[in-house]
Amino acid sequence: MSFVEYGDTIKDGDTAIVFLGHESMFPVKVQHGTVTQTKYGVIRHSTDLIGKKYGSKVTCSKGGWVFILHPTPELWTMNLPHRTQILYSTDISVITMMLELKPGSIVCESGTGSGSLSHALIRTVAPTGHLYTVEFHQQRAEKAREEFREHGVEHLVTVTNQDVCKNGFGVSNIADAVFLDIPSPWEAIGHAKSALKAEGGRICSFSPCIEQVQRTCLAMEEHGFTEINTLEILLRVYNVRTISLQIPDLGKAAEDNSSTGFDSSNPSNRGSPSTNLQQGTVQFKSGMPLREMVGHTGYLTFATKS
Ligand SMILES: C[S@@+](CC[C@H](N)C(=O)[O-])C[C@H]1O[C@@H](n2cnc3c(N)ncnc32)[C@H](O)[C@@H]1O
């Protein structure tokens, strides 16, 4: 297993995702002789995991079962140990597209933080690209290096422990794209410009506050960046639900409607409104937006060096 290549079977040393449900999953480091507790009982790595196929349904000691999933950057983002605030897949997907990333791209990033974005960047630029990521907090930089090693992607990433605002990215004229998620991105715009290729490239800065965005846009303009553009991405999630509505009693008209010959027990009618389930009600499937949605994460400011 690696985060950039699919492996069919679970091996000693892999990072696997134990999936109990959409709202309940966690990563495990697979190790001979180790056990993992779940609410359905124990999973024994040597007998229940190693040698089994990814995607297998594994029965735990109390008789309940879980699925063991191959890791992906998206699953890692949902399950990683937080050392900082992180970026989520909605923002990450737009960042990847707007920075025009693809296999072979060279990307500079700061700060590494918890490595949520880094894993997605690495997967996109693999197998021939590279990520240069800068983190000034020493323990976070070391932890990120350790995770990249465990996830089989260390050859695709260089973690540098320094202040990006003072010392830059440690590379010049090689990047196709630069990404910033730090409190004062305007102080790193000059370094971003020198990290980008002489012929140009793309930059993105993520900031929660509009005052940070204003200063960053000014710095981008001063350094000659063009196509400066700020976006916010909001995700609206829908659940599929069966809705029951009371039919108003309209006397004869209602009687006529109920004699249309519609047979709700016929499987070919499933998904269509059905009337015979309970007298006086109609049931149908509908997409319902969640009552609560994720609000503001941050503004994404994109620009081009040309
Ligand atoms: C919000 S976190 C980044 C999260 C990351 N994008 C992710 O998805 O996991 C910001 C990180 O930037 C680091 N940082 C802040 N200022 C920095 C600087 N001037 N140079 C390098 N790293 C910096 C912090 O230590 C922190 O780990």
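Start at 1 and go down the list; that is how both ligands and their atoms are numbered.
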Item to complete: Linking directly or through intermediates, with side-chain heavy atoms under 4.5 Å: list the remaining ILVMFWY members grouped with Leu234, chain and number order.
Response: Met293
Worksheet, complete the sentence: Residue pairs passing the ring-ring contact (aromatic ring centres under 6.0 Å, His included) test with at least one member in residues 15-52, sequence neighbours excluded, are Phe19-His22
Item to complete: Tell me yes or no: between the side chains of Lys285 and Thr242, is some donor less than 3.5 Å from an acceptor?
Response: yes
Distance dump, ligand 1 polar atoms to protein, N/O, under 3.5 Å:
residue: ligand 1; atom: 6 (N); partner: Asp181; partner atom: OD2; Å: 3.0
residue: ligand 1; atom: 8 (O); partner: Leu87; partner atom: N; Å: 3.1
residue: ligand 1; atom: 8 (O); partner: Leu117; partner atom: N; Å: 3.2
residue: ligand 1; atom: 9 (O); partner: Ser114; partner atom: N; Å: 3.2
residue: ligand 1; atom: 9 (O); partner: Gly115; partner atom: N; Å: 3.2
residue: ligand 1; atom: 9 (O); partner: Ser116; partner atom: N; Å: 3.2
residue: ligand 1; atom: 19 (N); partner: Asp163; partner atom: OD1; Å: 2.8
residue: ligand 1; atom: 20 (N); partner: Val164; partner atom: N; Å: 3.0
residue: ligand 1; atom: 22 (N); partner: Phe136; partner atom: N; Å: 3.2
residue: ligand 1; atom: 25 (O); partner: Glu135; partner atom: OE2; Å: 2.6
residue: ligand 1; atom: 25 (O); partner: Arg140; partner atom: NH1; Å: 2.8
residue: ligand 1; atom: 27 (O); partner: Glu135; partner atom: OE1; Å: 2.7
residue: ligand 1; atom: 27 (O); partner: Glu135; partner atom: OE2; Å: 3.3
residue: ligand 1; atom: 27 (O); partner: Arg140; partner atom: NH1; Å: 3.0

Worksheet item: Within the distance-only criterion (no hydrogens, no angle test), does the side chain of His82 pair as donor or acceptor with the backbone N or O of Ser114 below 3.5 angstrom?
Response: no
Discussion item. Ignoring hydrogens and geometry beyond distance, is a side-chain donor-acceptor pair present between Thr77 and His119 at under 3.5 Å?
Written reply: no
Donor-acceptor contacts under 3.5 Å from residues 166-176 side chains, at least two apart:
residue: Asp176; atom: OD1; partner: Lys197; partner atom: NZ; Å: 2.7
residue: Asp176; atom: OD2; partner: Ile106; partner atom: N; Å: 2.8

